[in-house]
Amino acid sequence: VAGITSRYVPKRRMPVNDMEIPLVRSPAPAALAIALALLGSALLVADAPGNLLPNPSFEKAQDGTVPGWTIGGELSAWSAERVRTGKNALLVRDASSKLGSNVTSAMVPVTAMASYTVEAWSWTRSGKGLGLYVLCFDAAGKALPAPMAQVHRLVAYRRSRWRRTFFVVQTPEGCAHIQLMLHSYGGAKVETFVDDLAICEGVVTKKGNEPDMRPFAKVAIQVATGER
């Protein structure tokens, strides 16, 4: 976790600990007690809670704008080429080793010292290094100081398949709003479609349509015959 230096360029360095937080579906009582102590608050586990994020699938209004989202720079664009739901998605096409993509959501009101699950779905064509950031603000809209300013994870980069990235954050003391930001790390070159982001109260470990898997392809089986 590091302080906010810029929400645009230059790029940030790729963190060494970009891993999704492992969540246990049916923990033993001792493990559950440890998880509660680590998160510091009671956890709400639900399969399909309400999404607090406005316009999570980047749908366009009648005037062509995408409400609730802002693109900074020229490395990201709205796209209908590949979508998971709806008619629109975000395409991050970063071929620069110096510039970074920057897409931010609207601010979402939250409760301080509470748990939230953040998620995004991604379909990667090439590369890796797109980060999903959670930025924290006070009631006046001012960014919280480091180390409480942000948390981030690497977006899943499995090629040619929609993959879900999710992690749990606990809002720090004094946090009244959070904002999502999609930003490619320093030196990263990546081309990824992103769709269906979410901010949900509590800990969400299950989705009805997950995982997004392809069926096995049929192959012909040949059997050798004759003398050996």
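Because the structure is a prediction, the values reported are computed rather than measured.
Atom-to-atom distance recorded for C175:SG and D138:CG is 8.5 Å, nearest 0.5 angstrom. Here the NE2-NE2 distance, from H152 to H183, works out to 9.5 Å after rounding to the nearest 0.5 Å. Atom CZ of R163 and atom OG1 of T192 lie 13.5 Å apart (nearest 0.5 Å). From R159, atom CZ reaches atom NZ of K128 across 10.5 Å, with rounding to the nearest 0.5 Å. Considering OG1 of T165 and CD of E119, their distance stands at 9.5 Å, rounded to 0.5 Å. Atom CG of residue L132 and atom CZ of residue R153 lie 10.0 Å apart, to the nearest 0.5 angstrom.
Applying the ring-ring contact (aromatic ring centres under 6.0 Å, His included) definition to pairs two or more places apart or across chains, none involves residues 82-106.
Checking each of V83, V194, T85 against S57 for a side chain to side chain contact (heavy atoms under 4.5 Å, CB included) leaves exactly one that passes, namely T85. Among the candidates L75, L130, L91, the single residue satisfying the side chain to side chain contact (heavy atoms under 4.5 Å, CB included) test with E191 is L91.
Summarising the geometry of C136 relative to P172, their closest heavy-atom pair is SG-CD, 3.9 Å, with the distance given to 0.1 Å. For the pair G127 and T124, the tightest heavy-atom approach, listed with the atom from each and the gap, is O-CG2, 3.5 Å.
You'll find the side chain of M107 stays beyond 4.5 Å of the side chain of I178, heavy atoms only. No side-chain heavy atom of S79 sits under 4.5 Å from any side-chain heavy atom of N88. Between P109 and H177 there is a side-chain heavy-atom pair separated by less than 4.5 Å. Taking 4.5 Å as the limit, some side-chain heavy atom of V155 sits within range of a side-chain heavy atom of L182. Inter-residue side-chain proximity for L99 and D94 is flagged as unmet; no heavy-atom pair is nearer than 4.5 Å. K189 places a side-chain heavy atom less than 4.5 Å from the side chain of S97. Residues L180 and V134 are in side-chain contact: their nearest non-hydrogen atoms beyond the backbone lie under 4.5 Å apart. Between L197 and S105, every side-chain heavy-atom pair lies at or beyond the 4.5 Å cut-off.
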Open item on the list: For S115 and V169: C-alpha separation, side-chain torsions, deciding distance, then whether side-chain contact (heavy atoms from CB on, under 4.5 Å) applies.
Closed with: CA-CA 6 Å; S115 300; V169 298; over 6 Å; no
- [ ] Decide yes or no on side-chain contact (heavy atoms from CB on, under 4.5 Å) for V190 and Y185, but give the supporting numbers first.
- [x] CA-CA 10 Å; V190 59; Y185 297 129; over 6 Å; no
Open item on the list: I'd like to know whether K87 forms a salt bridge (charged side-chain N to carboxylate O under 4.0 Å, His left out) with E59, so could you lay out the CA-CA distance, the side-chain angles of the two residues, the decisive distance to 0.1 Å, and finally the verdict.
Closed with: CA-CA 7 Å; K87 299 180 179 180; E59 302 307 318; over 6 Å; no
TODO: Decide yes or no on side-chain contact (heavy atoms from CB on, under 4.5 Å) for K142 and F137, but give the supporting numbers first.
DONE: CA-CA 5 Å; K142 182 179 178 181; F137 300 85; 5.9 Å; no
TODO: Evaluate side-chain contact (heavy atoms from CB on, under 4.5 Å) for W123 paired with S160, printing each intermediate quantity in order.
DONE: CA-CA 6 Å; W123 175 295; S160 302; 4.0 Å; yes
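Within the 3.5 Å criterion, the main-chain N or O of V168 finds no donor-acceptor partner in the side chain of T117. Formation of a donor-acceptor pair under 3.5 Å by the S76 side chain with backbone atoms of V103 is not found in this model. In this structure a side-chain-to-backbone donor-acceptor pair under 3.5 Å is missing from T65 to P67.
Using modelled atom types, one finds a donor on one side chain and an acceptor on the other under 3.5 Å when comparing S184 with S101.
The ring-ring contact (aromatic ring centres under 6.0 Å, His included) test applied to Y116 returns no partner, not counting sequence neighbours. Scored by the salt bridge (charged side-chain N to carboxylate O under 4.0 Å, His left out) test, D196 finds R84 as partners (sequence neighbours excluded).
Cluster membership for F167 and V108, using ILVMFWY side-chain heavy atoms within less than 4.5 angstrom, is shared.
Applying the 6.0 Å contact sphere to CZ of F193 captures more than 12 heavy atoms from other residues, nucleotides or ligands.
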